Amino acid sequence: MADFNTIDDLDLDGKVVLTRVDVNVPVENGQVTDATRIEKIVPTVKDIQAKGGIPVLLAHFDRPKGKRVDSMSLKIVIPALEKALGQPVKFADEAIGGPAKRAVADLKAGDVLLLENTRFYPGEETNDPTFAASIAALGQAYVNDAFSAAHRAHASTEGIARLLPAAAGRLMEAELKALDAALGAPQRPVVAVVGGAKVSTKLELLSNLITKVDHLVIGGGMANTFLVAQGIEVGKSLAERDMADTASKILADATGAGCTIHLPVDVVVAREFKAGAENETVAADACPADAMILDAGPETVTRIQSVFEQSRTLIWNGPLGAFEIQPFDMATNAAAQIAARLTREGKLISVAGGGDTVAALNKAGASDDFTFISTAGGAFLEWMEGKELPGVAALQKR
């Protein structure tokens, strides 16, 4: 990973610091229901203030697609933002133009200002240079703390960074260091767990990982497609039979790259997809024609444990089974708890990310012990696919 600037590299004293954050949080009945993302930006805001800077927060909320949508105004997050920061937060109901300029002109040391939803403007998502310059004119420095939006070349994530002294915020810095430790310059052996429903949605991911990791554990519906590729019948299980040739090629390429792929050796099958459904554990090649595979079995978990125990670094994306419903959460829970224990004992560096992954690890009670969990869905996946993230590239030392 190329060297990037952090808050420590910038002179912020007396400067207005345009600070890109992710406060795109869940809201019900006008109230923020989960303030996790808001709480995570606090260290960056406080460190900017400690260096004498005045943070002006830039953010998006929902998908207004370049138009003003009152229900998507960032006003809604101000109470949660004030609670997290422990201070009042000023608000400008525009991100550019007169209202934004006047709000910035009124700022004094110690203040925090939130500008209106950047996605209210068509120039945000098209990375329009004029729009980027209009926002950049409000400040003297730029800090990006929104890794979750770093895979987008938008005005507030990439355009402004080219116009002002730019650096990563504390959350972005932690994310980049954790990811570099996992795939950039990892301690080996490295194991990746990739689960989920479809091979087709994770082709680039699998193709990149087999060249970077020593072991690749495949779970979920994806594993069924790989079983089909090996000529194994999977009954009524979710499987992309038209992707069997692709799966076969990935298996062959992995062998050539020195990566060992691990598929289920036993599976939990049921006739119904519902909580508490009658089920049985059978060998992976013995799924009844009228049943579906809904989880990996205990012998598979034992083998995964063995792989984890001989590895030094773990990257995890996606569950091993239908983790949302019991008892088909067994393999995901068990493997997550093994990874958590090994991390606690200092034997494993564990990095995980993606929506389903975070939910699964939370459900397993394993999240707190992982070395790092990324809440960035798309950006985390694109990083795992080996793609350059525009919002990160713009922060590199030049």
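All values reported here derive from a predicted model rather than from experimental measurement.
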J.: For residues Ser350 and Thr343, is any side-chain donor paired with an opposing acceptor at under 3.5 Å?
T.: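 Present: a donor and an acceptor within the cut-off.
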J.: Quick check on Glu309: does its CD atom have over 12 non-hydrogen neighbours (other residues, nucleotides or ligands) under 6.0 Å away?
T.: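 It does: Glu309 CD has more than 12 such atoms within range.
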J.: Tell me, which pairs form a ring-ring contact (aromatic ring centres under 6.0 Å, His included) where one or both residues lie in residues 174-205, sequence neighbours left out?
T.: none
J.: Count I, L, V, M, F, W, Y as connected when their side-chain heavy atoms are under 4.5 Å apart, and connections chain through other members. Are Ile38 and Leu171 then in the same cluster?
T.: no
J.: Assess the residue pair Gln87 and Lys46 against the criterion (side chain to side chain contact (heavy atoms under 4.5 Å, CB included)); give the C-alpha distance rounded to whole Å, side-chain angles, the decisive distance to 0.1 Å, and a yes or no.
T.: CA-CA 11 Å; Gln87 70 170 91; Lys46 296 299 184 186; 3.7 Å; yes
J.: Side-chain contact, heavy-atom cut-off 4.5 Å: Pro88 with Glu82?
T.: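 Side chain of Pro88 against side chain of Glu82, heavy atoms only: contact under 4.5 Å found.
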J.: Only distances under 3.5 Å count here; give the side-chain donor-acceptor pairs of residues 272-286 to other protein atoms, sequence neighbours excluded, each with its distance to 0.1 Å.
T.:
from, atom 1, to, atom 2, distance (Å)
Asn279, ND2, Ala277, O, 3.0
Glu280, OE2, Arg271, NH1, 3.0

J.: Sequence neighbours excluded and cut-off under 3.5 Å, please list the side-chain donor-acceptor pairs for residues 218-232, or say none.
T.:
from, atom 1, to, atom 2, distance (Å)
Asn224, ND2, Leu238, O, 2.8
Thr225, OG1, Glu240, N, 3.0

J.: Do you see a donor-acceptor pair shorter than 3.5 Å between the side chains of Asp34 and Thr36?
T.: yes
J.: List in chain and number order the residues that pass side-chain contact (heavy atoms from CB on, under 4.5 Å) with Gln187, two or more places apart in sequence or in another chain; answer none if no residue qualifies.
T.: Arg312, Thr313, Ile349
J.: Considering only NZ, NE, NH1 and NH2 on the basic side and carboxylate oxygens on the acidic side, decide whether Glu385 and Lys202 come within less than 4.0 Å.
T.: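 Salt bridge: no.
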J.: With hydrophobic residues grouped by side-chain heavy-atom distances under 4.5 Å, do Ile304 and Leu263 end up in a single group?
T.: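 No, because Ile304 and Leu263 fall into different hydrophobic clusters, even though each may have its own neighbours under 4.5 Å.
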J.: Working note: Val17 + Tyr142, criterion side chain to side chain contact (heavy atoms under 4.5 Å, CB included); need CA distance, chi angles, decisive distance, verdict.
T.: CA-CA 5 Å; Val17 184; Tyr142 171 78; over 6 Å; no
J.: Any donor-acceptor pair under 3.5 Å linking the side-chain atoms of Arg20 with those of Ser156?
T.: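 Per modelled atom types, Ser156 and Arg20 side chains form a pair under 3.5 Å.
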J.: Do Met330 and Pro298 come within less than 4.5 Å of each other through their side chains, counting heavy atoms only?
T.: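 Result yes, sub-4.5 Å side-chain heavy-atom pair found.
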J.: Which pairs, with at least one residue in residues 275-329 and sequence neighbours excluded, count as a ring-ring contact (aromatic ring centres under 6.0 Å, His included)?
T.: none
J.: Run the salt-bridge test on Glu94 and Arg68 with the 4.0 Å N-O cut-off and return the result as yes or no.
T.: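 Judged by the 4.0 Å cut-off on N to carboxylate O distance, Glu94 and Arg68 do form a salt bridge.
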J.: Charged N to carboxylate O under 4.0 angstrom, Asp329 versus Lys363?
T.: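 A salt bridge links Asp329 with Lys363.
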J.: Glu173 vs Thr6, test: side-chain hydrogen bond (donor to acceptor under 3.5 Å, both in side chains). Steps then yes/no.
T.: CA-CA 7 Å; Glu173 180 185 351; Thr6 72; 4.5 Å; no
J.: Show your working on side chain to side chain contact (heavy atoms under 4.5 Å, CB included) between Met243 and Leu203 and close with a plain yes or no.
T.: CA-CA 10 Å; Met243 296 293 293; Leu203 264 181; 3.8 Å; yes
J.: State, with a plain yes or no, whether a side-chain heavy atom of Glu382 is found less than 4.5 Å away from one of Leu389.
T.: yes
J.: Does Thr255 reach the main-chain N or O of Leu251 with its side chain, forming a donor-acceptor pair under 3.5 Å?
T.: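 Checked: pair present.
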J.: Answer with yes or no whether the hydrophobic clustering places Val301 together with Leu348; edges join I, L, V, M, F, W, Y residues whose side-chain heavy atoms lie under 4.5 Å apart.
T.: yes
J.: Would you indicate whether Lys65, at its atom NZ, is surrounded by more than 12 heavy atoms from other residues, nucleotides or ligands within a distance under 6.0 Å?
T.: no
J.: To the nearest 0.5 angstrom, please state how far the CG atom of Leu113 sits from the CG atom of Asp106.
T.: 9.5 Å
J.: Does atom CD of Glu233 have more than 12 heavy-atom neighbours, drawn from other residues, nucleotides or ligands, at distances under 6.0 Å?
T.: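 No, CD of Glu233 has 12 or fewer neighbouring heavy atoms, counting only those of other groups under 6.0 Å.
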J.: Taking salt bridge (Lys or Arg N to Asp or Glu O under 4.0 Å) as the test, write out the residues that go with Asp253, two or more places apart.
T.: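 Partners of Asp253 by the salt bridge (Lys or Arg N to Asp or Glu O under 4.0 Å) criterion, ordered by chain and then number, come out as Lys249.
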J.: Nearest 0.5 Å, what's the CG-CG distance between Asp22 and Asn24?
T.: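 If we round to the nearest 0.5 Å, Asp22:CG and Asn24:CG are 6.0 Å apart.
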J.: Could you check whether Lys108 pairs with Asp111 (Lys NZ or Arg NE/NH1/NH2 to Asp/Glu carboxylate O, under 4.0 Å)?
T.: yes
J.: For Ile48 and Thr19, run side chain to side chain contact (heavy atoms under 4.5 Å, CB included): C-alpha distance rounded to whole Å, both residues' side-chain angles, the deciding distance at 0.1 Å, then the answer.
T.: CA-CA 9 Å; Ile48 289 169; Thr19 309; 3.4 Å; yes
J.: Which value, rounded to the nearest 0.5 Å, describes the distance between Leu205 atom CG and Met384 atom CE?
T.: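 Result: 4.5 Å between the selected atoms.
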J.: Please check if Ile373 and Leu381 belong to a single hydrophobic cluster, counting links between Ile, Leu, Val, Met, Phe, Trp and Tyr side chain heavy atoms closer than 4.5 Å.
T.: no
J.: Roughly how far, to the nearest 0.5 Å, is CG of Leu361 from CZ of Phe370?
T.: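 Nearest 0.5 Å value for the CZ-CG distance: 4.5 Å.
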J.: Go through the structure and list residues passing ring pair (Phe, Tyr, Trp, His ring centres under 6.0 Å) with Phe380, not counting sequence neighbours.
T.: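 So Phe380 forms a ring pair (Phe, Tyr, Trp, His ring centres under 6.0 Å) with Trp383.
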J.: When you look at Lys75 and Glu116, which way does the salt bridge (Lys or Arg N to Asp or Glu O under 4.0 Å) test go after all the steps?
T.: CA-CA 8 Å; Lys75 272 184 195 169; Glu116 185 55 285; over 6 Å; no
J.: Could you pull out the closest heavy-atom pair between Ala150 and Val392, with the gap in Å?
T.: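 Taking Ala150 first and Val392 second, the nearest heavy atoms are CB-CG2, 3.9 Å.
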J.: Please indicate whether Asn362 has more than 12 foreign heavy atoms, meaning atoms of other residues, nucleotides or ligands, lying under 6.0 Å from its CG.
T.: yes
J.: For a 4.5 angstrom cut-off between non-hydrogen side-chain atoms, does Asn5 reach Leu395?
T.: no
J.: Just wondering, do Pro79 and Val32 contact through their side chains at under 4.5 Å, heavy atoms?
T.: no
J.: Can you list every salt bridge (charged side-chain N to carboxylate O under 4.0 Å, His left out) pair that touches residues 343-358, not counting sequence neighbours?
T.: Arg341-Glu345, Arg344-Asp369, Glu345-Lys347
J.: Contact between Ile7 and Thr44 at the side-chain level, heavy atoms closer than 4.5 Å - yes or no?
T.: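 Side chain of Ile7 against side chain of Thr44, heavy atoms only: contact under 4.5 Å found.
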J.: Could you work out, with ring pair (Phe, Tyr, Trp, His ring centres under 6.0 Å) as the rule, every residue matching Tyr121, not counting sequence neighbours?
T.: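 Testing Tyr121 for ring pair (Phe, Tyr, Trp, His ring centres under 6.0 Å), a comparison that skips the adjacent residues, returns Phe131.
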J.: Group every Ile, Leu, Val, Met, Phe, Trp and Tyr by side-chain heavy-atom contacts under 4.5 Å, then state whether Val193 and Ile261 land in the same group.
T.: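 No; Ile261 is not reachable from Val193 via cluster members.
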J.: If I take atom CD1 from residue Ile293 and atom NZ from residue Lys236, how far apart are they, to the nearest 0.5 angstrom?
T.: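 Reported to 0.5 Å precision, the distance equals 14.0 Å.
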J.: Could you tell me whether the side chain of Val112 reaches within less than 4.5 Å of the side chain of Gln49, counting heavy atoms only?
T.: yes
J.: Salt bridge check, Arg170 against Asp47: does any charged N sit closer than 4.0 Å to a carboxylate O?
T.: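 Counted as a salt bridge, because a side-chain N and a carboxylate O are separated by less than 4.0 Å.
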J.: Which residue pairs pass the ring-ring contact (aromatic ring centres under 6.0 Å, His included) test with at least one member in residues 34-84, sequence neighbours excluded?
T.: none
J.: Give every residue pair that meets the ring-ring contact (aromatic ring centres under 6.0 Å, His included) criterion with at least one member in residues 179-220, sequence neighbours excluded.
T.: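 Output for this query lists His215-His262.
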J.: Quick one: which residue pairs count as a salt bridge (charged side-chain N to carboxylate O under 4.0 Å, His left out) with a foot in residues 185-201, not counting sequence neighbours?
T.: Arg188-Asp214
J.: For the backbone of Ala35 and the side chain of Lys40, can you confirm whether one donor and one acceptor N or O come within less than 3.5 Å of each other?
T.: no
J.: Does a side chain donor of either Gln396 or Asp3 reach within less than 3.5 Å of an acceptor in the other side chain?
T.: no
